[in-house]
Amino acid sequence: MRANQKMVAVLIDPDKSADHQLDTLVFHPNFDQVDFLFVGGSLVTDGSMKTCLAELKKRTNKPLIIFPGSPNQIDDQADAILLLSLISGRNSDLLIGRHVESAHKLKRSGLEILATGYILIDGGRTTTVSYISGTTPIPQDKPGIAAATALAGSQLGKKLIYLDCGSGAHHHASPQLIAAVKNEVDTPVIVGGGIKTREDAETVFTAGADVVVVGNKLEDNPEFLTELVKAKARFAVR
Ligand code: 1GP
């Protein structure tokens, strides 16, 4: 991932991805404009991750990046993993504990490791990730806290910052908050959670997001991919 180039990632929840849904995605006429496939989630039942990655590999050469909710989602069929530290929270397990447990498994996997400062933002409802992690998201009207958190993550060596309102959030991260974060860090900024319209994606890109992630909306309406790639195209470097 490179800063200053707009990219889109589709989040695939292995528990909700039947073969025909994967077909709908990869055979969509605009699928070639998708940059990454993020695979995983806060609550994935054992087994479905492996099957989902295998089915995706049969269908596409796009980079498959694990977005792990737990160490049992590490799978060497993928290309890389967002090694998330939930730096907006104070749950030591999600800051370092799980990482220690999975360090050797991760080393053996050969996956490219993308050290990511993961920051939860309040998206207007309690999401699975905030419930499961037992952490309080940063309020939308506190961009200064988000910016300081991202800066600290960057100083700790995180190569990516992920601002997430959580899957199915009512609202995406505000432009003010995204801009405040982008202003503090040199690393690419990933923004996801609650992006449901082309305007949402454009707003988020304009505010400074390098990568926009969409999950739910594409599960509900695969045609939204057309709108998403139009939003990305507005920022294409000529
Ligand atoms: C959630 O950022 C992702 O972790 C995507 O969220 O499902 O709301 O698009 P949505």
Side-chain angles (χ1 to χ4, degrees), residues 1 6-17 21-22 24-25 28 34-44 49 52 64-70 73 78 80-89 91 94 114 116-138 140 146 150 160-174 177-178 181 188-205 207-229 231-232:
M1 289 177 203
K6 304 299 188 187
M7 291 166 276
V8 299
V10 174
L11 175 63
I12 295 175
D13 178 342
D15 279 345
K16 293 198 251 166
S17 301
Q21 287 162 306
L22 298 181
T24 304
L25 174 66
H28 190 284
V34 172
D35 297 280
F36 309 104
L37 297 175
F38 288 178
V39 187
S42 313
L43 193 63
V44 176
M49 186 76 180
C52 183
L64 302 179
I65 301 180
I66 298 173
F67 174 54
S70 71
Q73 292 175 29
I81 183 167
L82 296 174
L83 188 58
L84 306 173
S85 286
L86 181 48
I87 58 176
S88 57
N91 177 337
L94 302 177
L114 304 167
T116 303
Y118 186 55
I119 299 176
L120 280 185
I121 309 294
D122 187 354
R125 62 182 287 224
T126 303
T127 55
T128 306
V129 59
S130 86
Y131 178 79
I132 294 280
S133 67
T135 68
T136 308
I138 295 175
Q140 286 275 7
L160 301 168
I161 295 295
Y162 192 151
L163 300 176
D164 199 355
C165 286
S167 208
H170 286 320
H171 319 289
H172 59 75
S174 73
L177 189 146
I178 296 167
V181 166
V189 174
I190 305 169
V191 178
I195 294 167
K196 299 184 280 267
T197 66
R198 177 175 163 183
E199 291 70 30
D200 288 345
E202 288 179 357
T203 300
V204 164
F205 274 138
D210 299 286
V211 182
V212 162
V213 188
V214 176
N216 264 267
K217 181 68 190 185
L218 284 167
E219 284 167 15
D220 297 346
N221 175 19
E223 262 317 300
F224 179 60
L225 191 57
T226 305
E227 298 302 303
L228 187 59
V229 304
K232 171 185 154 173

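Remember, it's 1-based here, ligands and their atoms both numbered in the order they're listed. When reading the values below, keep in mind they use all heavy atoms of this one structure, side chains included, and skip hydrogens, waters and symmetry mates.
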If you have a sec, work out which protein heavy atom is nearest [atom] and how many Å separate them, to one decimal?
atom                   : result
atom 7 (O) of ligand 1 : S167 OG, 2.6 Å
atom 4 (O) of ligand 1 : D164 OD2, 2.5 Å
atom 5 (C) of ligand 1 : G193 N, 3.6 Å

In ligand 1, which numbered atoms sit nearer than 4.0 Å to a non-hydrogen atom of [X]?
X    : answer
N216 : 7 (O), 9 (O), 10 (P)
V214 : 9 (O)
F67  : 4 (O)
L11  : 1 (C), 3 (C), 5 (C)
G192 : 2 (O)

Rounded distance (nearest 0.5 Å) linking atom CG of L11 with atom CG of N216: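 Result: 8.5 Å between the selected atoms.
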Spacing of CD1 belonging to I119 relative to CD1 belonging to I138, to within rounding of 0.5 Å: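 That separation rounds to 5.5 Å.
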Heavy-atom check, side chain of I121 versus side chain of Q140, under 4.5 Å: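 Side-chain contact under 4.5 Å: yes.
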Min side-chain heavy-atom separation L160-L82 under 4.5 Å: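 Yes, at least one pair of side-chain atoms sits under 4.5 Å.
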Ligand 1 contact by F38, heavy-atom criterion under 4.0 angstrom: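 No; F38 lies far enough from ligand 1 that no heavy-atom distance drops under 4.0 Å.
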Distance-only side-chain donor-acceptor flag, T24 / Q21, under 3.5 Å: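 The answer is no; no qualifying pair exists.
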Side chains of T197 and D200, donor plus acceptor under 3.5 Å: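 The answer is yes; a qualifying pair exists.
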Stepwise side chain to side chain contact (heavy atoms under 4.5 Å, CB included) test for V181 and I161: CA-CA 9 Å; V181 166; I161 295 295; 4.2 Å; yes
Identified side-chain contact (heavy atoms from CB on, under 4.5 Å) partner of F36 from the options I190, I65, V213: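 Testing each of I190, I65, V213 against F36, the sole residue satisfying side-chain contact (heavy atoms from CB on, under 4.5 Å) is I65.
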Lys/Arg N to Asp/Glu carboxylate O, K196 vs D220, below 4.0 Å: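 Salt bridge between K196 and D220, a charged N being under 4.0 Å from a carboxylate O: no.
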Based purely on interatomic distance, does [X] place a nitrogen or oxygen under 3.5 Å from a nitrogen or oxygen of ligand 1?
X    : answer
G168 : yes
I195 : no
G194 : yes
Y162 : yes
Y118 : no
G215 : yes

Side-chain (T226) to main-chain (F224) donor-acceptor, under 3.5 angstrom: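 A pair under 3.5 Å: no.
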